[in-house]
Amino acid sequence: MNDLNLRYINAKRALFDRANAKLNAKQREAVYTVDGPVLVLAGAGSGKTTVLVRRIVQIIKYGNAYADTRIPFGLTEDKVASLENARSLSDAEIKEILPEFISDPCPPWRMLAITFTNKAAAEIKQRLAAELDDEDAASSIWAGTFHSMCMRILRVNAEAAGLKPGFSVYDTEDTKKALKSAMKSLNIDEKMIPLKSVMNRISRAKEKLKGPQAFIAEADDYRERQIGKIYEKYADDLVASNALDFDDIIMKTVLLLKNYPAVLDKYATQFRYISVDEFQDTNEAQFALVALLSQKNRNIMVVGDDDQSIYRFRGATVENILGFDKNYTDAKVIKLEQNYRSTQHILDAANSIISNNNGRRGKTLWTDNVSGEKIYVRKLANQDSEARFIVETIARMVSREGKSYRDFAVLYRTNVQSNALQTVFAKSAMPYRVLGGVSFSERKEIRDIVAYLQLINNHSDKERLLRIINVPARKIGDRTIDCIEQLAEEQGTDMFSIIENATKYPVLSRSCGSLLGFASLINSLTELSDSLPLDRFVNEVIERSGYRHMLIEGGEPEKERLENLEEFISGVLEYQNREEEPTLTGFLEENALVADVDRYDENADAVVMMTVHSAKGLEFPIVFLPGMEEGIFPGNQAQFDNEELEEERRLAYVAVTRARRAVYMLYTESRMIYGRTVVYTPSRFISEIPGELKDEQTAHMAPYRSPQTGRVYYSESKPAGDMTVRAKRDQQSAPAAREKFEPGDIVEHFSFGRGEVISAKPMGADVLYEIMFDRVGTKKLMATYARLKRSQ
DNA sequence: ATGGGGCTGCTTTTT
DNA sequence: GCAGCCCCAT
């Protein structure tokens with residue numbers, strides 16, 4: 001290559017570098033690596049989503065322009081010089097020049113980006129839309145979760161996949177019930193083989209693309225053969241119900257692509273570029289899917305972090321990321337190790353913990369950020385002091401350092417740990433929110449109405465039929481239901497057909513009236529579903545099924561359920577307004593695949609509490625890690641199992657790397673676990689952090705003092721009903737005479753803001769107020785700690 | 001048909 | 001310690 005050509009290419013690349021000046025060299029390398037397989041090992045906080053999005057945008061806008069070494073015909077010295085001088089132009093001017101280098105760009109609809117969660121998918125879509133600045137282009141990119149993408153393929157190819165249109169998706173609870181009934185019909189006792197392990201085995205089998213026959217063929221003991229039988233029966237039931245479970249969605253798609261070369265060819269041709277996020281969380285089926293789809297164009301980029309693989313228990317195989325470049329020998333491997341989130345001390349601590357694991361690809365995070373504070377390690381007397389330590393530390397930092405509540409996260413290993421925390425937080429008047437309770441769509445009334453909709457959409461859906469056939473009560477008893485089930489099995493048809501034709505079966509003569517009534521209810525609603533807008537239709541379902549009537553009859557206790565149904569209808573309305581072609585099937589699919597509108601509102605000013613698992617991908621200025629004890633974190637089950645232990649260590653790595661500024665690791669002398677007081681030793685993960693990175697102390701919490709009697713209690717013996725936390729400053733200053741409020745009064749709270757008193761219950765010398773706040777909803781607060789002021 | 005009492009079992013979770 | 005589930009009693 002002559003000098004002029006070389007200068008041309010260098011000048012062109014310099015301009016692209018300018019356009020991506022906000023990225024570091026490694027990130028840019030990933031963005032410019034367009035063709036062939038690429039593995040991006042992205043450490044925590046290394047900007048992986050940015051890279052993923054930028055690369056897609058780069059390919060759509062400029063194709064392989066950066067790597068392209070072709071020289072335009074008739075290149076002149078003047079031209080090269082002007083490109084070289086363009087470096088000093090403004091960003092906007094450079095953007096004007098770049099299109100002249102376009103080289104084989106990819107149309108957006110040939111771009112596939114796969115994530116695990118809807119939240120991640122939404123974020124990627126949103127950032128793509130912003131960067132492409134082209135709504136249509138952004139929305140034609142296939143960006144979604146594994147499941148949503150597979151559903152899209154299955155819907156179009158339902159017949160080839162062995163499905164009838166309008167097929168249902170069973171969630172975990174439906175699956176559980178179906179397995180239970182399969183076990184019952186096979187006379188397999190749950191005490192012999194626990195349902196949980198059956199579920200797990202079958203789920204693992206599906207992830208390995210193993211059907212019931214293959215499973216049975218490989219079964220080498222009685223128990224395995226029994227599970228094989230259950231699997232077979234369950235699979236038959238799913239077919240009869242025209243339903244898929246979550247694992248089927250992936251497995252059936254892979255099988256479809258394997259069995260129908262024409263279908264595979266269509267998609268493998270269409271998807272010129274494939275990107276997979278969180279690749280360390282993929283299972284075998286998901287890897288097989290990606291491998292099939294990319295086999296033709298071989299342009300596959302996977303992004304992930306082997307050190308953050310924390311879902312082995314649900315079938316994720318780290319080997320997918322560890323061995324990626326063995327599967328794709330020509331893969332380019334790029335490591336993103338610069339961290340933009342945390343202080344160097346936090347990263348050093350995380351690095352030294354994770355360095356105790358074997359079987360890593362090996363990465364060392366570093367940052368330009370300050371070295372920052374040391375890791376605070378605090379020993380507390382018990383879980384109560386632990387919770388109070390957290391509350392008081394936060395209270396102090398909020399009042400003295402002007403921090404917001406939202407700057408703090410409490411991350412624990414197991415959900416049970418949140419109980420003790422919540423008790424203390426609830427009484428402390430400190431705003432907090434807990435992630436991971438019963439979600440909206442898991443509520444009984446919502447599930448019931450969704451079951452009606454599912455049955456209307458798919459009359460074969462057995463689990464949903466069983467769920468609502470007698471809700472509200474319509475005199476169809478268990479005996480009748482058993483009878484119908486058996487008839488359906490004998491006739492090789494579904495239960496609904498038996499019910500419709502109840503008159504034909506003498507055994508059903510007694511309940512014939514109720515059955516025909518139910519059949520005509522469902523049939524008339526099915527007809528109605530075509531003619532009414534979705535929200536009005538759902539309203540009719542609630543009405544005509546008698547469900548609303550049932551709840552109204554139920555009076556006060558059922559009021560909340562009624563309100564939830566109203567909220568559900570507004571959710572339907574929201575779907576209807578958003579969707580171009582709203583359909584019942586579409587709504588149900590979204591409902592099955594999209595968990596609640598992500599419950600975590602990042603704007604609310606409240607301390608957030610959740611498991612370390614659910615914190616993956618999030619970041620917080622200050623992180624508390626209670627329960628850093630052997631037996632909790634790492635858990636008991638990991639004590640003698642190295643694989644488990646390494647997973648726990650990765651989890652600890654995830655936990656520490658959530659923090660931007662400070663980490664508090666807490667452990668106790670003793671704590672209550674399952675009703676027993678246990679004494680655990682501090683977690684090995686604490687000792688795996690070098691001493692010079694730690695600020696280690698015993699924290700002495702002030703004992704409780706009863707507000708009424710002034711008696712001092714130590715937490716273990718505190719009297720029932722007195723679970724107050726006293727911030728230190730409160731103890732020092734004698735409580736001032738407190739203003740009394742009555743229902744209807746408007747009050748001001750130092751962090752919840754303005755609210756109206758709903759009720760006031762005297763409790764000893766104190767008063768428990770229920771207050772409806774404008775911003776944060778209804779809260780119950782003790783007068784002594786709420787420090788309420790009259791508004792105006 | 002519904003609820004209460006006793007028994008069990010108990011990491012992590014998205015789709 | 002507690003929630004969820006099953007079974008039995010009303």
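Convention: sequence-line order gives letters A, B, ...; per-chain numbering from 1.
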Assigned chi class of B:dT11 under the 90° convention is syn
For [X], report the nucleic acid contact type (base, sugar-phosphate, nothing); a contact means any heavy atom under 4.0 Å.
{"X": "A:Tyr311", "result": "sugar-phosphate"}
{"X": "A:Asn415", "result": "sugar-phosphate"}
{"X": "A:Arg676", "result": "nothing"}
{"X": "A:Glu644", "result": "base"}
{"X": "A:Glu590", "result": "nothing"}

Do the non-hydrogen side-chain atoms of A:Val276 and A:Phe146 ever get within less than 4.5 Å of each other?
yes
Residue pair A:Leu508 / A:Cys483, side-chain heavy-atom distance below 4.5 Å
yes
Nearest-angstrom distance from the residue atom [atom1] of [X] to [atom2] of [N]:
{"X": "A:Arg152", "N": "B:dT15", "atom1": "CZ", "atom2": "P", "value": "18 Å"}
{"X": "A:Ile673", "N": "B:dC10", "atom1": "CD1", "atom2": "P", "value": "15 Å"}
{"X": "A:Gln417", "N": "B:dT11", "atom1": "CD", "atom2": "P", "value": "12 Å"}
{"X": "A:Asp245", "N": "B:dT14", "atom1": "CG", "atom2": "C1'", "value": "14 Å"}
{"X": "A:Asp281", "N": "B:dT13", "atom1": "CG", "atom2": "C1'", "value": "11 Å"}
{"X": "A:Lys196", "N": "B:dT8", "atom1": "NZ", "atom2": "C1'", "value": "13 Å"}
{"X": "A:Phe116", "N": "B:dT15", "atom1": "CZ", "atom2": "C1'", "value": "10 Å"}
{"X": "A:Ile476", "N": "B:dA1", "atom1": "CD1", "atom2": "P", "value": "11 Å"}

If each of A:Leu593 and A:Phe313 is mapped to the nucleotide of DNA chain B with the nearest heavy atom, which maps nearer the 5' terminus, i.e. the 5' end?
A:Phe313
Nearest-nucleotide comparison on DNA chain B, the residue closer to the 5′ end among A:Val416 and A:Asp478:
A:Asp478
Is it true that the NZ or CZ of A:Arg650 lies under 6.0 Å from the centre of A:Tyr653's six-membered ring and within 45 degrees of the ring axis?
no
Nearest heavy-atom neighbours spanning A:Phe116 and A:Glu278:
CE1-O, 3.4 Å
Nearest atoms (heavy-atom pairs only) where A:Ala42 meets A:Gln308
O-NE2, 4.4 Å
Would you please confirm or rule out a distance under 4.0 Å between OP1 or OP2 of [N] and any side-chain N or O of [X]?
{"X": "A:Thr414", "N": "B:dC10", "value": "no"}
{"X": "A:Thr611", "N": "B:dT11", "value": "no"}
{"X": "A:Asn118", "N": "B:dT15", "value": "yes"}

A:His147 has a side chain; which of B:dT15, B:dT13, B:dT11 sits nearest to it?
B:dT15
The side chain of A:Tyr674 is closest to which nucleotide in this list: B:dT11, B:dT15, B:dT13?
B:dT11
Side-chain-base donor-acceptor pair under 3.5 Å for A:Thr172 and B:dT14
no
Using the [atom1] atom as the point on both nucleotides, what is the distance between [M] and [N], in whole Å?
{"N": "C:dG4", "M": "B:dT13", "atom1": "P", "result": "15 Å"}
{"N": "C:dC5", "M": "B:dT12", "atom1": "C1'", "result": "23 Å"}
{"N": "B:dT14", "M": "C:dA3", "atom1": "C1'", "result": "23 Å"}

Looking only at the aromatic ring of each residue, does the gap between the centers of A:Tyr680 and A:Tyr667 stay below 6.0 angstrom?
no
How are the rings of A:Phe271 and A:Tyr267 set to each other: parallel, tilted or perpendicular (split at 30° and 60°)?
parallel
A:Phe624 and A:Tyr664 aromatic ring geometry - parallel, tilted or perpendicular at 30°/60° bounds
parallel
Carboxylate-amine/guanidinium contact A:Arg413 A:Glu648, below 4.0 Å
yes
Summary of protein contacts for nucleotides 5-10 of chain C, nucleotide by nucleotide, where a base hit scores B, a sugar-phosphate-only hit scores S (4.0 Å, heavy atoms)
-S----
